[in-house]
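Naming convention: chains lettered A, B, ... in sequence-line order (proteins, then strands); numbering from 1 in each chain. Scope of the values below: all heavy atoms of this structure, side chains included, with no hydrogens, waters or symmetry mates.
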Amino acid sequence: MKETIYRSHVLVCTGTGCVSSGSKNIKMALEDELAAKDLSDEIKIVETGCHGFCEKGPIMIVYPEGVFYCQVESEDVAEIVEEHLLKGRIVDRLLFKEPFTEENIPSYSDIDFYKKQKRIVLANCGRIDPEDINEYIALGGYEAVGKALTKMTPQEVIDEVKKAGLRGRGGGGFPTGLKWQFARNSDSEKKYVICNADEGDPGAFMDRSLLEGDPHRVIEGMMTAAYAIGADEGYVYVRAEYPLAIRRLEKAIKQAEEYGLLGEDIFGSGFNFKLHIKKGAGAFVCGEETALMASIEGKRGMPRPRPPYPAVSGLWGKPTNINNVETLGNIPYIIKEGSEAFSSIGTEGSKGTKVFALTGKINNTGLVEVPMGTTLREVIFDIGGGLQEGKKYKAVQTGGPSGGCIPEEYLDLPIDYDSLLEVGAMMGSGGMVVMDEGTCMVDVARFFLNFTQSESCGKCTPCREGTKRMLEILNRICEGEGEEGDIELLEDLGQHIKDTALCGLGQTAPNPVLSTIHYFRNEYEAHIYENKCPAGVCKELAAAYVIDESSCVGCGQCVKVCPVDAISGKPKETYVIDAETCISCGACADRCPVDAISQG
Amino acid sequence: MAEIKEEKLEKYLTPVRKILERYEKKEHYLIPVLQEAQEEYGYLPEEVLKEVASGLDLSLSQVYGVVTFYSQFHQEPRGKNIIRVCMGTACHVRGGDKVLEALKDELNVDSGETTEDLKFTLESVACVGACGLAPVMMVNDNTHGRLTPEKIPEILAKYS
């Protein structure tokens with residue numbers, strides 16, 4: 001079979017972010033345009049996984065030049081084909097503009113967002129077609145597991161992972177090699193490996209992107225783990241809310257089976273491995289490993305006390321090893337490049353890189369992978385491009401519902417497992433939500449507690465009752481009914497829940513409250529003692545909005561959006577808000593084209 | 001009369017029986033069976049749950065326990081289109097609640113309810129993992145991002 005050689009490759013991102021921004025239409029428009037210009041034999045369109053820069057989607061990259069086009073629309077396609085692909089002229093207006101310098105950056109690798117990243121786990125994401133196993137293999141895929149199966153003993157594999165210093169990327173940070181060792185040491189005919197893809201932290205989407213963008217990497221990691229501990233069967237437990245990830249994973253498993261990479265006697269080594277997908281059914285607590293196993297067994301997903309640990313008695317009572325998606329994504333690199341290559345990256349106690357989902361009020365939203373030890377400032381300001389609309393940084397929330405908020409004074413903190421714990425936050429799965437001065441920290445704490453409270457499985461009393469009581473107090477504070485002693489009560493309750501809850505969900509549930517009290521106690525006090533929400537978020541405490549007469553241009557747009565008809569005036573004159581009627585919803589301020597409306 | 005009813009029920013239960021035929025009688029197939037059954041029926045009525053219980057040799061109480069535990073399973077009829085509004089952290093700080101309010105007003109239902117014409121079910125969910133596009137909602141399997149309350153009527157019109 002003769003392979004067609006193309007002079008140019010056009011990569012169109014078909015991750016969930018870009019698809020919802022319309023990348024499928026762009027791909028179709030591109031196909032039509034190439035066919036119309038008779039270029040289909042010269043230029044290849046590749047559908048890739050996520051590039052991480054979802055904010056600027058849909059994303060298109062043209063190789064060999066590596067030109068990065070963003071926010072492409074179907075109407076732009078004809079111009080790209082005509083100008084770039086035919087005449088070799090870059091279409092300037094579709095290039096990425098750096099937020100501060102306003103400079104157009106043509107090349108993918110020169111954009112600050114990418115320049116400062118180090119991509120190990122996400123190396124292939126956005127570069128290859130995730131639905132084609134050949135592209136993964138062409139970039140060295142399945143070489144690592146081949147090496148492990150044919151040249152290394154299971155113990156050597158474990159030793160390599162131990163030496164690399166890899167720690168679990170799902171949140172806890174337990175040393176992966178040690179976990180594998182425990183499972184290997186358990187004597188049993190039957191063992192299992194599980195990939196935990198029940199990514200439920202609000203604000204985290206790295207597992208989804210990896211499964212969508214490079215599913216074979218995760219499969220390869222699982223195979224290696226299975227070989228190391230002596231398992232022949234595995235499950236990927238993935239959220240049903242991720243339909244695209246499930247579809248790509250199913251396809252990847254099928255292809256791997258056809259290639260003999262899954263099944264019997266893999267690489268002629270005598271090693272057998274069967275892989276299944278289990279779809280979750282919508283319960284956050286199933287991210288906890290014992291609950292996850294109960295769910296695979298068809299039961300209610302409730303955690304149980306440990307020990308016994310899954311490595312001793314896991315799925316159906318058999319020794320089981322559970323790793324998170326990103327953890328497994330690191331394995332092929334460690335085996336292929338060696339533990340030293342991996343451990344040379346990172347800090348003393350945290351090796352390698354970490355993927356963060358950068359979201360919130362930040363310019364460059366997206367998925368970034370940086371070496372451990374990178375500072376928060378570098379991630380938020382250099383890679384993330386700083387805060388939207390030049391607002392002032394207030395805090396970053398890391399670790400999702402288990403984590404905490406980190407204020408400005410710690411922006412130069414090098415990020416690793418231990419440093420985050422020291423400041424009352426945690427790595428968690430790597431969600432990073434940036435907040436500005438318009439965010440109310442009490443409201444944020446309430447938001448997270450509302451989440452954990454409704455996701456609490458109800459098995460143990462501290463979590464079931466305790467989070468409910470804490471939420472009641474927070475609701476009261478946000479509604480202006482806070483009392484003296486509420487803050488101390490929250491601290492006391494929080495500490496008890498941390499000490500006594502059964503599983504990780506309950507033990508960490510109070511963290512968002514405790515950390516916001518620690519760093520932003522004045523905001524709690526303002527709510528309780530002054531009846532004021534400094535950020536103007538809590539409706540019951542919010543002051544009415546006022547229009548600044550000198551800047552009002554009399555466009556009347558505020559009148560149209562006011563839900564309670566509190567604004568009066570005539571077009572081209574100044575408008576006035578009636579403070580009595582105003583419910584402080586902020587709709588007018590959001591709409592005002594000249595920023596003339598603010599809270600009085 | 002009773003016979004006709006039984007005949008109707010028999011016909012009604014054929015799809016779930018077909019699903020059950022493909023699975024061994026093992027407890028761990030309960031969730032996949034329920035997921036498929038719900039896809040078929042749109043929700044999980046009592047008759048279907050009884051059939052699943054006997055088909056997998058489980059007690060009805062165990063099946064009921066699992067159905068009520070997971071938020072994905074529903075025991076009430078649902079709309080033709082399912083709207084899931086993301087209430088995750090990123091969407092929260094970027095105004096997801098305003099989007100939800102706009103949907104409630106437009107559809108005249110509360111969160112968790114279905115419109116009378118069974119066209120839409122409105123739900124709020126924790127996080128759909130598309131934080132880069134916050135605020136976000138999903139209608140069926142389609143993700144709609146960078147929402148504002150003003151965009152809602154136009155999007156809904158596509159589905160009705």
Test item: side-chain donor near acceptor, B:R94 and A:T365, under 3.5 Å: yes
Is the shortest heavy-atom distance from the side chain of B:L133 to the side chain of A:E55 under 4.5 Å? no
Partner chain B: residue of A:P243, A:G15, A:G52, A:P401 with the largest heavy-atom pair count (under 4.5 Å): A:P243
Does a side-chain heavy-atom distance below 4.5 Å link B:F69 with A:K299? no
Sort A:F448 into side chain, backbone, both or neither according to what part of it lies under 4.5 angstrom from a heavy atom of chain B. side chain
Do the non-hydrogen side-chain atoms of A:S20 and B:M138 ever get within less than 4.5 Å of each other? no
So A:F447 and B:H92, would you call those rings parallel, tilted or perpendicular, with 30° and 60° as cut-offs? parallel
Do the non-hydrogen side-chain atoms of A:W316 and B:H28 ever get within less than 4.5 Å of each other? yes
Looking at chain B, which one of A:A281, A:G298, A:G282, A:A283 has the largest number of heavy-atom pairs inside 4.5 Å, strictly under? A:A281
Against chain B, work out which of A:G366, A:G360, A:C54 has the most heavy-atom pairs shorter than 4.5 Å and name it. A:G360
Counting heavy-atom pairs under 4.5 angstrom with chain B, the leader among A:L358, A:V433, A:I362 is A:V433
Highest number of heavy-atom pairs under 4.5 Å with chain B among A:K56, A:E455, A:E241, A:K279 belongs to A:K279
Check each atom of A:F53 against the heavy atoms of chain B and say whether the ones under 4.5 Å are side chain, backbone, both or neither. neither
Please classify the contact between A:S209 and chain B as side chain, backbone, both or neither, with a heavy-atom cut-off of under 4.5 Å. neither
Evaluate whether atom CG of B:D105 has more than 12 neighbouring non-hydrogen atoms of other residues, nucleotides or ligands under 6.0 angstrom away. yes
If you count heavy atoms of other groups shown closer than 6.0 angstrom to OH of B:Y23, is the number above 12? yes
Turns out that what part of A:Q397 lies under 4.5 Å from chain B's heavy atoms comes down to neither
Measure A:A204 against the heavy atoms of chain B and call it side chain, backbone, both or neither at under 4.5 Å. backbone
Counting neighbours of CD on A:E250 that are heavy atoms of other residues, nucleotides or ligands and sit closer than 6.0 Å, is the number greater than 12? yes
Drop me the distance from A:K560's NZ to B:E150's CD, to the nearest 0.5 angstrom. 11.5 Å
Contact between B:T68 and A:R300 at the side-chain level, heavy atoms closer than 4.5 Å - yes or no? yes
Heavy-atom distance under 4.5 Å to chain B: side chain of A:D201, backbone, both or neither? backbone
For B:K18, does the NZ atom sit with more than 12 other heavy atoms under 6.0 Å from it, leaving out its own atoms? no
For the candidates B:R146, B:Q62, B:K26, which exhibits the highest count of non-hydrogen atom pairs separated by less than 4.5 Å from chain A? B:R146
Heavy-atom contact with chain B under 4.5 Å, split by part of A:C440: neither
Heavy-atom donor-acceptor pair, B:Y70 side chain to A:G280 backbone, under 3.5 Å: no
When the 4.5 angstrom heavy-atom criterion is applied to B:E27 and chain A, the contacting part is both
Hey, what do you get for CG (B:D97) to CG (A:D443), rounding to the nearest 0.5 Å? 8.0 Å
Is chain B contacted by the side chain of A:V285, its backbone, both, or neither, given a heavy-atom distance below 4.5 Å? side chain
Correct closest heavy-atom pair for B:P32 and A:K278 would be CG-NZ, 3.8 Å
